[in-house]
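Order of listing sets the numbers, starting from 1, for every ligand and every atom in it.
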Amino acid sequence: MPITPVIFPELIRALIAAIDANADAVTELDQAIGDGDHVFNLQRGLQALQQHADDIATLDWPAAWQKIGMTVMSAVGGASGSLYATLFIGLAKSSQGKSLDLRGFSEALLLAVEAVKQRGKADVGEKTMLDVLVPAAQALQAEAAANSALPTILARLRQVAAEGAEATRNMVATKGRASFLGERSKGHVDAGAKTAQLMISAIADVLDFVVA
Ligand code: ADP
Ligand code: MG
């Protein structure tokens, strides 16, 4: 059974729950090396998406991703808003005309993550959400290419995302506000990497349940 945007309202509820449950811990991270607004920015974006969730559920994936990207773009200020908007608008573009089985999706996702790198002029190792998004997209593609079973893929995604977030702890930030701190940014996990991990895990939990 293919996964369609019908699942979107449920995914949004899970993302909101995951961010709400970890809001204080992430805000503490963000106050240590950022300006403390990251959770608020994400919650604004997720609330806006929840308002449009029933409409988005009626679309096909490329149209859904376009609408998700535009909604995030207009609802969220801050670096993370424009970067997530770029991710989803990138997905809308890169998935056009592709068959969206797991392999096709993983290829589209890698291209969308490339667009995020270009938008933020950043790459892996700079203590950002990319330290989670890039390895997660690469792992998804590798598992899809190997025809792994979905529960295996989801377990791998959770693991790679957790490792990616944790790896930011000892990085020096060279992009975003945390870069103003230079060496002093070391010792704290990046808030945007942490929320990317939380959201990937929440999506994996929903999908685990759907295919069980
Ligand atoms: P702002 O930095 O504008 O206050 P947020 O607080 O919402 O926006 O988001 C901060 C997060 O965005 C950081 O923790 C980091 O993960 C991510 N980030 C910042 N700059 C970049 C960039 N150039 N490329 C990728 N991610 C970035
Ligand atoms: Mg901020």
Identify, for atom 8 (O) of ligand 1, the protein heavy atom at the shortest distance, and state residue, atom and that distance.
Ala79 N, 3.2 Å
Report the part of Ala122 (side chain from C-beta onward, or backbone N, CA, C, O) that has a heavy atom under 4.0 Å from ligand 1; answer both or neither where that applies.
side chain
Looking only at protein heavy atoms, identify the closest one to atom 27 (C) of ligand 1 and say how far it is in Å.
Leu83 CD1, 3.4 Å
Restricting to N, O or S atoms, which atom of Asp37 is closest to the Mg ion (ligand 2)?
OD1
Side-chain contact test, heavy atoms from C-beta onward, threshold under 4.5 Å: evaluate it for Val113 versus Gln138 and give yes or no.
no
Check this for me - ligand 1, Lys175, N or O atoms closer than 3.5 angstrom, yes or no?
no
Can you check which of Gly78, Gly45, Gly176 brings a heavy atom nearest to atom 20 (N) of ligand 1?
Gly176
Mind checking whether Asp190 contacts ligand 1 via backbone (N, CA, C, O), side chain (CB onward), both or neither, at a 4.0 Å heavy-atom cut-off?
side chain
Atom 17 (C) of ligand 1: nearest protein contact (heavy atom, Å)
Met129 CE, 4.0 Å
Using a 4.0 Å cutoff against the non-hydrogen atoms of Ser80, which atoms of ligand 1 qualify?
5 (P), 7 (O), 8 (O), 9 (O)
When rounded to the nearest 0.5 Å, the distance separating CG of Leu181 from CD1 of Ile33 is 7.0 Å
Decide yes or no for Thr168 and Glu126: does some side-chain heavy atom of the first lie under 4.5 Å from some side-chain heavy atom of the second?
no
Measure the CH2-CG distance between Trp61 and Leu100 for me, rounded to the nearest 0.5 Å.
9.0 Å
Can Ile3 be reached from Ile68 by stepping across I, L, V, M, F, W or Y side chains whose heavy atoms are under 4.5 Å apart?
yes
Please walk me through it: do Arg156 and Gln159 pass side-chain hydrogen bond (donor to acceptor under 3.5 Å, both in side chains)?
CA-CA 5 Å; Arg156 175 102 186 103; Gln159 183 202 354; 3.3 Å; yes
So if I count the atoms of ligand 1 from 1 in the order they appear, which ones are less than 4.0 Å from some heavy atom of Gly192?
14 (O), 16 (O)
Regarding Asp30, does it place an N, O or S atom less than 2.8 Å from the Mg ion (ligand 2)?
no
Residues Lys194, Asp131: salt bridge by 4.0 Å N-O rule:
no
Among the N, O or S atoms of Asp35, the one nearest the Mg ion (ligand 2)
OD1
Where is the nearest protein heavy atom to atom 10 (C) of ligand 1: which residue, which atom, and how far?
His38 ND1, 4.0 Å
Side-chain donor or acceptor of Asn22 paired with backbone N/O of Thr195 under 3.5 Å:
no
Are Ile203 and Leu140 in one and the same hydrophobic cluster, where Ile, Leu, Val, Met, Phe, Trp and Tyr link if side-chain heavy atoms are under 4.5 Å apart?
yes
Which atoms of ligand 1 have any heavy atom of Arg177 under 4.0 Å away?
1 (P), 2 (O), 3 (O), 4 (O)
Salt-bridge contact Asp190-Lys127 (side-chain N to carboxylate O under 4.0 Å):
no
Taking Arg13 first and then Glu10, would you say they form a salt bridge - that is, a charged N and a carboxylate O separated by under 4.0 Å?
no
Taking atom 23 (N) of ligand 1 as the reference point, the nearest protein heavy atom with its distance
Gly120 O, 2.9 Å
Lys121 to ligand 1: N or O pair under 3.5 Å?
no
Quick one: look up the protein heavy atom nearest atom 6 (O) of ligand 1 and list residue, atom name and how far away it is.
Asp37 OD1, 3.0 Å
